[in-house]
Amino acid sequence: MYLQFKREVEHILKAALADASYEYEYSSLELEESEHADITSRIAFTLASRYGKPPENIAADILRHITVPTPAEGRTRTLISRAVASGPYINFYVNDYFLDATLRRLKGGGGGGDNTEKRHDKSTRIIIEHTSANPDGPLHIGHLRNAIIGDVLARVLTYSGYQVETQYYVNDMGRQVAVAVWGASRLKLDTRKKGDHAIVDVYIAANRMLEANAAYRTEVDALMRRYEAGDEEVVKRYEEVVQRCLAGIKASLQRLNIHHDLFVFESEFVRSGAVQRIIEELKRRGDIKSEGSALILHLDGIEKGLVIQRADGTSLYTTRDLAYHRWKSERCDRMIDVLGKDHELVSQQLRKALLLLGVKAPEFVIFEFVSLPSGSLSTRAGRYISADELMERIEARAYEEVEKRRMDLSEDKKREIARMVGIGALRYDMVKVSPEKHIVFNLEDALDIEKKGAPFIQYAHARASSILRMATDRGFKIDSADADVALLRDKSEVELIKKLAMFEYVMESVASELKLHKVARYARELAEVFNIFYKNCPVLNAEEELREARLVLVDCTKQVLCEVLSVLGIEAPEEM
RNA sequence: GGGCCCGUGGCUUAGCCAGGAUAAAGCACCGGCCUUCUAAGCCGGGGAUCGCGGGUUCGAAUCCCGUCGGGUCCGCCA
């Protein structure tokens with residue numbers, strides 16, 4: 001509903017500017033949310049310098065030309081109650097109709113109450129690539145940031161009406177995997193262990209052996225050449241290792257509530273000849289230098305050359321990635337890659353090389369590194385905290401909390417809630433901070449479940465659920481269409497309704513800016529205003545008419561909390 | 001050495017791209033509130049010259065230049 005309000009303000013403000021003969025070329029009108037009003041315009045500041053008058057005078061002048069339509073004269077009902085000049089600011093406030101309409105829309109179902117607000121063409125297809133960890137070991141906390149950002153991004157864009165496909169690009173041709181395969185055939189795999197953990201054991205051991213004895217290197221190189229050539233026996237050994245590892249990774253992702261629609265193997269692009277075709281095309285279209293058999297592509301504006309073929313003729317990661325992106329581009333309208341900061345230069349090279357090939361450029365969501373207090377993460381050195389261990393421990397911590405409060409619940413129920421709370425807290429922590437922030441991951445801090453993180457929001461949802469459950473038990477009407485929502489004028493009721501009205505607006509801006517931490521922020525704020533309402537406004541004990549109206553509000557709040565949690569990939573418990 | 005990112009109360013962050021109303025939250029700390037729907041809650045309090053130095057502007061956390069600290073990348077790794 002806030003979007004409509006904003007549009008209406010834009011409309012009457014533009015009319016007033018024209019009426020007062022002020023010229024202004026930007027469409028934004030400098031409108032922004034404000035703590036002093038429901039929306040405010042700073043346009044008087046900009047006009048002040050141009051017209052050489054104090055901004056206060058301009059604001060007052062504009063205000064004189066603003067006409068807020070009264071419900072009686074407007075053909076469609078206005079959402080604005082009044083406009084006020086506060087010094088240089090022009091403040092606008094919502095009216096009662098806005099509040100009532102917000103709840104009516106929500107009762108109308110879905111999408112923060114308004115499916116028509118989803119302005120994106122359903123036919124726009126977006127492929128999001130995320131996680132894509134090498135199949136040489138389990139996911140660790142660095143991968144977790146990638147996976148959770150990618151997953152929430154997919155959920156946001158799906159919510160906004162795009163057709164989204166998520167892909168996991170499996171780097172099965174790199175040296176790392178060759179080392180794991182080599183290790184798996186030299187050492188004994190622990191088949192009792194989860195696949196990814198069994199693989200990483202031999203991977204780490206193999207790396208130590210390789211460091212100690214350089215002669216082993218040639219064996220790994222030979223393995224890579226034979227795999228690239230499609231040697232059947234080697235391919236079989238690779239598949240064994242990759243699938244075993246991937247099965248473990250998939251299990252971890254599932255536990256995190258993350259799903260990929262498609263797993264794409266980079267080897268496919270070598271075997272299909274797509275990589276070779278890319279190289280041939282780049283030779284024709286690009287600035288290529290050869291050094292021996294190695295091919296180096298020079299791209300405008302990037303000092304660093306891009307090696308697209310090794311001296312021994314085998315392919316490289318970036319070249320295979322080019323083939324993958326061309327393939328992707330043929331089956332979608334937008335491609336978004338979630339990448340760590342270390343891939344930034346490569347992503348720029350990738351973009352330019354793709355443009356050279358006539359392929360549309362992908363968009364990148366780049367996030368900064370996660371490190372441990374002891375230093376950077378390294379699978380090879382065994383210096384990491386696995387996602388599995390983290391989930392295990394955070395669920396155990398959450399269980400302690402549940403146990404403290406709900407001794408009345410069954411064991412299964414307590415475990416179920418601990419799982420929702422633990423995983424939710426983990427996901428929330430990863431998405432609440434903007435991606436360009438470097439994270440030093442401290443296990444103890446992560447286990448110390450943030451009071452105003454996911455559990456806080458889930459708790460608000462549980463409270464709302466509890467009220468609705470008891471209302472049903474007592475035979476109260478919950479979704480009575482004839483409830484008089486105009487009775488909801490207590491300050492905390494009004495604040496809650498306004499916050500509900502912001503949902504679609506927040507989702508809209510997140511979908512275009514891709515700033516996911518704003519979803520997390522909104523969810524927390526909504527929970528906050530609901531908790532204040534909960535404190536100040538008794539529902540079940542209120543007199544009948546007010547009770548029915550408040551039940552509508554609680555129902556709407558539960559709905560939006562549930563939706564926003566779902567966008568964050570966090571489960572919404574009925575009780576906790 | 002060069003590119004990119006970060007530097008905001010004791011700690012973690014929002015705000016920065018499109019400069020403006022007392023710099024906004026959480027954690028921690030201090031003090032209140034369970035005979036009304038779950039206290040994983042609510043109310044109140046202290047605490048920040050926005051790394052530092054210049055510049056632009058009527059106005060700078062925000063833009064520009066410099067500088068310091070941290071991270072990351074820099075042709076045959078992925």
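First the proteins, then the strands, lettered A, B, ... as listed; each starts at 1.
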Roughly, in whole Å, what's the span from [atom1] in [X] to [atom2] in [N]?
X        : N     : atom1 : atom2 : answer
A:Asp429 : B:U13 : CG    : C1'   : 12 Å
A:Tyr317 : B:G75 : OH    : C1'   : 16 Å
A:Glu525 : B:G15 : CD    : P     : 12 Å
A:Ile467 : B:U36 : CD1   : P     : 14 Å
A:Leu299 : B:G75 : CG    : P     : 14 Å
A:Gln348 : B:U72 : CD    : P     : 20 Å
A:Phe369 : B:U72 : CZ    : C1'   : 7 Å
A:Asn541 : B:U35 : CG    : P     : 15 Å

Pairwise [atom1] distance for [N] and [M], with rounding to whole Å:
N     : M     : atom1 : answer
B:C27 : B:G69 : C1'   : 25 Å
B:U62 : B:G51 : P     : 8 Å
B:C64 : B:U56 : P     : 15 Å
B:U22 : B:A61 : P     : 12 Å
B:G9  : B:U49 : C1'   : 12 Å
B:G26 : B:G46 : P     : 14 Å
B:C50 : B:C6  : C1'   : 14 Å
B:C5  : B:C65 : P     : 12 Å

Would you classify [X] as touching base, sugar-phosphate or nothing, given that sugar-phosphate means primed atoms plus P, OP1 and OP2, and contacts are heavy atoms under 4.0 Å?
X        : answer
A:Gly87  : nothing
A:Ser86  : base
A:Val402 : base
A:Gln458 : nothing
A:Phe456 : sugar-phosphate
A:Gln176 : sugar-phosphate
A:Arg406 : base
A:Lys515 : base
A:Lys452 : sugar-phosphate
A:Ala48  : nothing

Would you call A:Lys414 and A:Glu400 a salt bridge, using N to O less than 4.0 angstrom? no
N-O pairing of A:Asp490 and A:Arg550 below 4.0 Å: no
With A:Arg405 via side-chain contact (heavy atoms from CB on, under 4.5 Å) - residues at least two apart: A:Glu401
Taking only side-chain nitrogens and oxygens of [X], does any of them come within less than 4.0 Å of OP1 or OP2 of [N]?
X        : N     : result
A:Arg310 : B:A78 : yes
A:His343 : B:U72 : no
A:Arg320 : B:A78 : yes
A:Lys432 : B:G26 : no
A:Ser434 : B:A14 : yes
A:Tyr459 : B:A40 : yes
A:Arg463 : B:U38 : no
A:Lys304 : B:G75 : yes
A:Arg405 : B:A40 : yes

Non-hydrogen side-chain atoms of A:Phe530 and A:Arg463 separated by less than 4.5 Å: yes
Name the one of A:Lys498, A:Lys452, A:Lys499 that satisfies salt bridge (charged side-chain N to carboxylate O under 4.0 Å, His left out) with A:Glu525? A:Lys499
Pairing check on [N]: which nucleotide meets the Watson-Crick or G-U wobble criteria with it, both distances under 3.5 Å?
N     : answer
B:C77 : none
B:U57 : none
B:C27 : B:G10
B:C34 : none

Considering only side-chain heavy atoms of [X], which listed nucleotide, [options], is closest?
X        : options             : value
A:Asn171 : B:C37, B:A78, B:G7  : B:A78
A:Ala311 : B:C76, B:C6, B:C37  : B:C76
A:His517 : B:C76, B:A14, B:U38 : B:A14
A:Asn134 : B:A78, B:U22, B:U8  : B:A78
A:Tyr89  : B:A25, B:U38, B:A21 : B:A21
A:Asn531 : B:A78, B:C42, B:A21 : B:C42

N/O donor-acceptor pair, side chain A:Asn91 with base B:A21, under 3.5 angstrom: yes
Is B:G75 in the syn range, within 90° of 0, or in the anti range? syn
With syn defined as a glycosidic angle within 90° of 0 and anti as everything else, classify B:C50. anti
Between A:Arg406 and A:Met576, is there a donor-acceptor pair closer than 3.5 Å when you use the side chain of the first and the backbone of the second? yes
Report yes or no: does A:Ser371 contribute a side-chain atom to a donor-acceptor pair with the main-chain N or O of A:Ser376 at less than 3.5 Å? no
Report yes or no: is the ring centroid of A:Phe45 under 5.5 Å from the six-membered base ring centroid of B:G20, with the two planes under 30 degrees? yes
CG (A:Asp300) with more than 12 external heavy atoms under 6.0 Å: no
Given RNA chain B, 5'-ward residue of the pair A:Ile296 and A:Asp445, judged by closest heavy atom: A:Asp445
Could you say whether A:Thr40 or A:Leu316 is positioned toward the 5' end of RNA chain B, judged by the nucleotide with the nearest heavy atom to each? A:Thr40
Correct closest heavy-atom pair for A:Gly422 and A:Ala398 would be N-CB, 3.9 Å
What verdict does the side-chain contact (heavy atoms from CB on, under 4.5 Å) test give for A:Tyr324 and A:Glu266, after you've listed the backbone C-alpha separation in whole Å, the side-chain angles of each residue and the deciding distance to 0.1 Å? CA-CA 7 Å; A:Tyr324 170 48; A:Glu266 61 172 346; over 6 Å; no
